Enquirer: 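Pasting a structure below so you can have a look.
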Amino acid sequence: MSWARERIGALSAALSAKVVGQARLQETLLVALLTGGHVLLESVPGLAKTTAAATLAQAVGGRFHRIQCTPDLLPSDIVGTQVYNQQSGTFETQLGPVHANFVLLDEINRSSAKTQSAMLEAMQERQTSIGNRSYALPDPFLVLATQNPIEHEGTYPLPEAQMDRFMLKDVLDYPSPAEEAEILRRIDAGILGTAADPVLSTTDVGRLQQLAARVYIDPSIVNYLVGIGYVTRHPGDYIPPRLAAYVDFGASPRASIAFASAARARALIDGRNHVVPDDVKALAHRVLRHRVTLTFEALADDVPVETVVDAMVGGIRTP
């Protein structure tokens, strides 16, 4: 635990040096790193999503690739393809940018459904298939996808099945005036223009992931997070009828898996070797906001999914 606190503290300091504020974003990235999960980030442009992803990769000495998604992006542009070599008369495999430790899919909803689906194998099986061969992805492997909540023209919304592959979805907000002033100060000082020095190795990340998997989670908390998932599928029995009518589909068992893994990681980040109910509550929005599907009436009545999730969490007794 002492070793883990020291390494996580160094990693947090490296992120804080480049990313001003955005404490929840930093926690989300650390949770994803310790669990090997993938993250979907939603915000308007300019809120340090790319900076945070690149800094995390630099801090652990990992390879980082950024893919700008556009409507004409092809699956082979992501996973790779076979190129004919005229000199040898054979086809040679060229691996795509997804073969990196940290992959940023910028504005993923601007790519076509065919290109979006090309990431499913990489995210779930940690491999890509090119021709008749499969190529393993490096370890650790983390996908950070971003989408813009504005400018919906020319976008392709992610289907629910693919949204479910992301462990967490975080929605970022604007910085405070004091934080924005600090951003300008760091730009003038040249801090944001330099690369972060590695404070961990990828081997250290693997050990941290093993430690996070060993964090104790009590059976009562397991029942608690499973109960929350059950409420999302049967909301009429637990939350007010007005809110229950807005729920179209609940969360899959992947939500319970994400809750357990993320809660363990959050406990380790907080310096604990056991999970507490507050870990589950703190992660509820990030685990469920993209898994609970609301009806068109909810959109028309301007009911955010977070309001429904809060009611669901409140419908289960805290252990």
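Bear in mind that the values here come from a model prediction, so they are computed numbers and not experimental data. In this chain, residues are counted from 1 in sequence order.
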Enquirer: Roughly how far apart are Thr55 OG1 and Phe102 CZ, rounded to 0.5 Å?
Expert: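 Here the rounded value is 11.0 Å.
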Enquirer: Please walk me through it: do Ile130 and Leu95 pass side chain to side chain contact (heavy atoms under 4.5 Å, CB included)?
Expert: CA-CA 9 Å; Ile130 305 173; Leu95 300 179; 3.9 Å; yes
Enquirer: Per the salt bridge (charged side-chain N to carboxylate O under 4.0 Å, His left out) rule, what does the pair list look like for residues 32-61, sequence neighbours excluded?
Expert: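 Qualifying pairs, neighbours excluded: Glu42-Lys169.
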Enquirer: Check whether any side-chain heavy atom of Gln162 lies under 4.5 Å from a side-chain heavy atom of Leu120, and answer yes or no.
Expert: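 Result yes, sub-4.5 Å side-chain heavy-atom pair found.
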Enquirer: Just wondering, more than 12 heavy atoms not from Glu125 lying within 6.0 Å of its CD?
Expert: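 It does: Glu125 CD has more than 12 such atoms within range.
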Enquirer: Hey, does Arg7 have a side-chain heavy atom less than 4.5 Å from the side chain of Arg207?
Expert: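 Not touching, per the 4.5 Å side-chain cut-off.
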Enquirer: Quick check for you: to the nearest 0.5 Å, what is the distance between Leu104 atom CG and Leu142 atom CG?
Expert: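 Those atoms lie 10.0 Å apart.
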Enquirer: What salt bridge (charged side-chain N to carboxylate O under 4.0 Å, His left out) pairs are there with at least one residue in residues 233-250, not counting sequence neighbours?
Expert: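 Listed once each, the pairs would be none.
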Enquirer: With a 4.5 Å limit on heavy-atom distance, are the side chains of Leu74 and Lys114 in contact?
Expert: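 Answer no - side chains too far apart.
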Enquirer: Give the other cluster members for Leu137, using side-chain heavy-atom distances under 4.5 Å between Ile, Leu, Val, Met, Phe, Trp and Tyr residues; answer none if it is isolated.
Expert: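 The other cluster members (ILVMFWY side chains, heavy atoms under 4.5 Å, direct or chained) are Leu40, Ile67, Leu73, Ile78, Val79, Val98, Val103, Leu105, Ile108, Met119, Met123, Phe141, Val143, Leu158, Met163, Phe166.
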Enquirer: Compare all side-chain heavy atoms of Val276 with those of Asp270 and state whether any distance is below 4.5 angstrom.
Expert: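 A side-chain contact under 4.5 Å is absent here.
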Enquirer: I'd like to know if Glu182 and Arg185 make a salt bridge, using a cut-off of under 4.0 Å between side-chain N and carboxylate O.
Expert: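 Looking at Arg185 together with Glu182, the answer is yes, because their closest N to O distance falls below 4.0 Å.
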Enquirer: The test is side chain to side chain contact (heavy atoms under 4.5 Å, CB included); show your working for Val31 and Arg286 and say whether it passes.
Expert: CA-CA 11 Å; Val31 167; Arg286 285 172 276 184; 5.6 Å; no
Enquirer: In Å, rounded to the nearest 0.5 Å, how long is the span from CG of Leu56 to CG of Leu30?
Expert: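 Interatomic distance, Leu56 CG to Leu30 CG, rounded to 0.5 Å: 7.0 Å.
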Enquirer: Just checking, any donor-acceptor pair under 3.5 angstrom between side chains of Asp170 and His285?
Expert: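 On atom types as modelled, these side chains do not qualify, holding no pair under 3.5 Å.
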Enquirer: With side chains defined as the heavy atoms from C-beta onward, is the minimum distance between Leu243 and Pro235 less than 4.5 Å?
Expert: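 No, every pair of side-chain atoms sits at 4.5 Å or beyond.
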Enquirer: Working to the nearest 0.5 Å, report the span between CD of Gln82 and CG of Asn132.
Expert: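 Here the rounded value is 7.0 Å.
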Enquirer: If I take atom CG from residue Leu208 and atom OG1 from residue Thr35, how far apart are they, to the nearest 0.5 angstrom?
Expert: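 Atom-to-atom, Leu208:CG and Thr35:OG1 are 12.0 Å apart.
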Enquirer: Report yes if the side chains of Pro159 and Gln116 come closer than 4.5 Å at any heavy-atom pair, otherwise no.
Expert: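 Side-chain contact under 4.5 Å: yes.
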Enquirer: Would you list the atom pairs, donor with acceptor, under 3.5 Å between side chains in residues 221-230 and any protein atom, with sequence neighbours excluded?
Expert:
| from | atom 1 | to | atom 2 | distance (Å) |
| --- | --- | --- | --- | --- |
| Asn223 | ND2 | Pro219 | O | 3.3 |

Enquirer: Taking atom types as modelled, find out whether Ser16 and Gln26 have a side-chain donor-acceptor pair closer than 3.5 angstrom.
Expert: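 Per modelled atom types, Ser16 and Gln26 side chains form a pair under 3.5 Å.
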Enquirer: Any non-hydrogen side-chain atom of Phe249 less than 4.5 Å from a side-chain atom of Glu160?
Expert: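 Sidechains of Glu160 and Phe249: no contact.
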Enquirer: What donor-acceptor contacts under 3.5 angstrom involve side-chain atoms of residues 299-308, with partners at least two apart or in another chain?
Expert:
| from | atom 1 | to | atom 2 | distance (Å) |
| --- | --- | --- | --- | --- |
| Asp301 | OD2 | Tyr246 | OH | 2.7 |
| Glu306 | OE2 | Arg289 | NE | 2.9 |
| Glu306 | OE2 | Arg289 | NH2 | 3.1 |

Enquirer: Give a yes or no answer on whether the side chain of Asn85 reaches the backbone of Thr90 with a donor-acceptor pair at less than 3.5 Å.
Expert: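 Checked: no pair found.
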Enquirer: So Val205 and Asn101, side chain to side chain contact (heavy atoms under 4.5 Å, CB included) or not? Walk me through it.
Expert: CA-CA 11 Å; Val205 172; Asn101 298 110; over 6 Å; no
Enquirer: Sub-3.5 Å donor-acceptor pair from the side chain of Arg186 to the main-chain atoms of Ala17, do we have one?
Expert: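 Confirmed, Arg186 side chain pairs with Ala17 backbone.
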Enquirer: Restricting to pairs with a member in residues 69-95, which pass salt bridge (charged side-chain N to carboxylate O under 4.0 Å, His left out), not counting sequence neighbours?
Expert: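 Listed by first then second residue: nothing to list.
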Enquirer: Would you say the side chains of Thr232 and Arg291 form a donor-acceptor pair under 3.5 Å?
Expert: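 No.
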Enquirer: Mind listing the closest non-hydrogen atom pair of Gly62 and Thr202 along with its distance?
Expert: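 Reported closest heavy-atom pair: CA-CG2, 4.5 Å.
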Enquirer: Given the rule in the side chain to side chain contact (heavy atoms under 4.5 Å, CB included) test, do Ile217 and Val215 qualify, once you have shown the distances and angles that lead to the verdict?
Expert: CA-CA 7 Å; Ile217 180 167; Val215 171; over 6 Å; no
Enquirer: Using side-chain heavy atoms (C-beta onward) and a distance below 4.5 Å, is Arg165 in contact with Arg254?
Expert: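 In short, these two side chains touch, coming nearer than 4.5 Å.
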Enquirer: To the nearest 0.5 Å, tell me how far Met167 CE sits from Thr28 OG1.
Expert: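 Interatomic distance, Met167 CE to Thr28 OG1, rounded to 0.5 Å: 11.5 Å.
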